[in-house]
2 protein chains.
Amino acid sequence: MEHKSISLADQVFERLENDILTGVYARGEILNEMKLVADLGVSRTPVREAVKRLEQESLLEVSAKGITVLGVSAKDLQDIYELRLHIEGLAAAEAAKNITEEELAELKEALDLQAYYAEKHDAGHIKYMDSRFHQLIYRFSGSRVFYDTLLPLHKKVQKFRGASVENHSRASSSVQEHQAIYEAIAAHDADRAEAAMVLHVQNAKNHIKV
Amino acid sequence: MEHKSISLADQVFERLENDILTGVYARGEILNEMKLVADLGVSRTPVREAVKRLEQESLLEVSAKGITVLGVSAKDLQDIYELRLHIEGLAAAEAAKNITEEELAELKEALDLQAYYAEKHDAGHIKYMDSRFHQLIYRFSGSRVFYDTLLPLHKKVQKFRGASVENHSRASSSVQEHQAIYEAIAAHDADRAEAAMVLHVQNAKNHIKV
DNA sequence: TGTTGTATAATTGTATACAATAATACAGGA
DNA sequence: TCCTGTATTATTGTATACAATTATACAACA
C-alpha cells in the first residue's frame with residue numbers, strides 16, 4: 001500500500017485553483033490570507049505557498065491591499081485558443097512519435113470513458129475525461145516543455161466549456177474528434193495526429209461560450 | 001523618490017533562477033534549504049517561497065532527498081525553440097497592432113543600445129539588451145497570456161546563447177534582424193513583423209551551441 | 001471644498017520553533 | 001553475500017510570533 005502523502009500546501013493549491021477557475025472566487029474579488037486560513041482550516045504557511053504559486057500563474061495578485069483574484073478574462077480565453085491552435089498540434093505529433101503501448105492503453109481508456117459519459121449526458125464526467133485526454137497527450141509528448149506550457153493554458157479554459165459539454169451534439173462531435181486524434185496517434189502518424197488536433201482545437205474554440 | 005521595495009523572497013527567486021540558468025548550480029546537483037539559507041543569508045521562509053516557484057517552472061524539484069537542480073536540458077532547448085518558432089511571431093504581430101508611441105520609443109532604445117554594445121563587442125550587455133528587446137515585445141503584445149507563456153521559455157535559453165553573442169558576425173546579424181522586426185512593428189505591419197520574428201527565431205536556433 | 005499630514009489599522013513579509021516524513025546507515029540473520 | 005528490519009539522521013512541512021509595509025480614515029488647514 002503506497003500512500004503518497006500529499007502536502008497541505010498542494011491540497012490548498014488545487015482547491016484554490018479550482019475555486020478560481022470555476023468562479024467560486026470572482027474576478028476582481030479581494031481576499032486575504034486570514035480569510036483563506038479560515039475557509040480552509042490550515043495555517044498561513046501552506047496558504048501562502050499556494051497563493052504565491054497561483055500568483056505566478058497570473059490567477060492571483062498579491063499586494064498590501066490583499067489578494068486580488070485575476071482569474072481568466074474573455075481576452076485571455078481568446079489568446080489561449082490562439083496559442084493552443086498553433087502549438088497543441090505539435091504535442092499530438094510528438095505523442096504520435098513517442099507513445100508506448102501502455103500509454104496508448106491509458107489514452108484509450110480516457111477516450112472510452114468520455115464516450116460512455118457522453119452517451120449518458122453526464123456533463124461533469126464528460127468534462128473531466130475530455131480534460132484528461134488532452135493532458136495525457138501533453139504527458140505522452142515526452143516533452144516537459146510542452147507539458148509545462150500547455151497544461152496551464154488548458155486548465156484555464158475549463159470554466160468556459162460548461163455550455164459546450166452540456167450540448168449533446170457538440171459533446172458527441174468532440175468524442176469523434178478525439179477518436180480521430182487517438183487513431184492517428186495509435187498509428188504513429190504524426191502528421192495526421194497534428195492535423196486532427198488542430199481541427200479539434202479550432203472546433204472547440206468555435207463552441208466556446210464567453 | 002519612489003523606491004519600490006522588493007521583497008527578500010523576490011530577490012532570492014531572481015538570484016536563484018539566474019544561478020540555475022547560468023550553471024552556478026549544475027543540473028543534477030542536490031541542494032537543501034539550509035545550504036541556500038547559508039549561501040543567501042536569509043531565513044528559510046523566503047528561500048522556500050523562491051524554491052517553490054522555481055519548482056513550478058521545472059527548474060527545481062523538491063523531495064525528501066533535498067532540492068534537485070533540474071535546469072534546462074538539451075532536449076528542453078530544442079523543444080523551446082520549436083515552440084517559440086510557432087508562437088513568438090504571433091506576439092510580434094500583436095505588438096505591431098497594439099504598440100503605443102511611448103512603448104515604441106522604449107523598444108527603439110533597447111535596439112539602439114544593443115547595436116551600440118555589439119559595436120563594442122560587449123557580450124554581457126549585448127545579451128542583456130537582446131533579451132530586453134524580446135521581453136518588451138512580449139509585454140507590448142498586450143496579452144498577459146502571451147507574456148506568461150513566452151517569458152519563461154525565453155529566460156531558459158539564456159545560458160546557451162553565450163557562444164552566439166560572442167561571435168561578432170552573428171551579433172551584428174542579430175541586430176539587423178531586430179532592426180527589421182522593429183521597423184515592421186513601428187509601421188504597424190503585423191504580417192511583416194510576424195515574418196521577421198519567425199526568421200529571427202529560426203536564425204537564433206541555428207546558431208545555438210548546445 | 002479640497003488637500004495634506006498623521007495616526008490607526010489591516011495586510012503581507014520574515015524568522016524560527018516544532019512536527020512529520022523519508023532517506024540513510026547499520027546491525028542481525030538467512 | 002544479500003536481504004531485511006530498525007534506529008538514526010537529514011530534510012522538508014507546518015504553525016505561529018513578530019516585523020515591516022501599506023492602505024485607510026480622519027483631522028487640520030488653506
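Proteins come first, then strands; the chains are lettered A, B, ... in the order of their sequence lines, and each starts at number 1.
A distance-only check finds a donor-acceptor pair linking the side chain of A/His188 to the backbone of A/Ala96 [under 3.5 Å].
Near DNA chain D, defined here as any heavy-atom distance below 4.0 Å, the residues from residues 53-62 of chain B are B/Val62, listed numerically.
With DNA chain C read from its 5' end, the first of the two nearest nucleotides for B/Ala64 and A/Gly66 is the one closest to A/Gly66. For the pair B/Asn32 and A/Ser63, both in contact range of DNA chain D, the more 5′-proximal nearest nucleotide belongs to B/Asn32.
A straight line from NZ of B/Lys65 to C1' of D/dT12 spans 13 Å, rounded to a whole angstrom. Atom pair B/Leu36:CG and D/dT12:P shows a separation of 9 Å (rounding to whole Å applied). With rounding to whole Å, B/Ile67 atom CD1 is found 15 Å from C/dA23 atom P. Atom P of nucleotide C/dA15 and atom CE of B/Met34 are separated by 12 Å, given to the nearest angstrom. D/dT14 atom P lies 15 Å from atom CD of A/Glu33, rounded to whole Å. Distance, A/Ile6 CD1 to D/dG13 P: 12 Å, rounded to whole Å. The interatomic distance linking A/Lys35 (NZ) with C/dT12 (P) rounds to 12 Å, in whole Å. One can place CD1 of B/Ile30 at 10 Å from P of D/dT12, the figure rounded to the nearest angstrom.
Separation of atoms CG (A/Leu70) and CD1 (A/Ile20) is listed at 8.5 Å; rounding is to 0.5 Å.
Around CD of B/Glu109, the count of heavy atoms belonging to other residues, nucleotides or ligands within 6.0 Å does not exceed 12.
Ion pairing between A/Arg132 and A/Glu106 holds under the 4.0 Å rule for side-chain N and carboxylate O. For B/Arg170 and B/Glu177, the salt-bridge test passes: some basic side-chain N is under 4.0 Å from an acidic carboxylate O. Using a 4.0 Å cut-off between a side-chain N of Lys or Arg and a carboxylate O of Asp or Glu, B/Arg27 and B/Asp76 do not qualify as a salt bridge.
Of the side-chain N and O atoms in B/Thr45, none sit less than 4.0 angstrom from OP1 or OP2 of C/dT14.
Taking only side-chain atoms of A/Arg44, from C-beta outward, the nucleotide of C/dT24, D/dT24, C/dG13 with the closest atom is C/dG13. Here the nucleotide nearest the side chain of A/Lys52, chosen from D/dA15, C/dG13, D/dT14, is C/dG13.
The side-chain tip of B/Arg84 points at the ring of B/Tyr81 from less than 6.0 angstrom away and within 45° of straight on.
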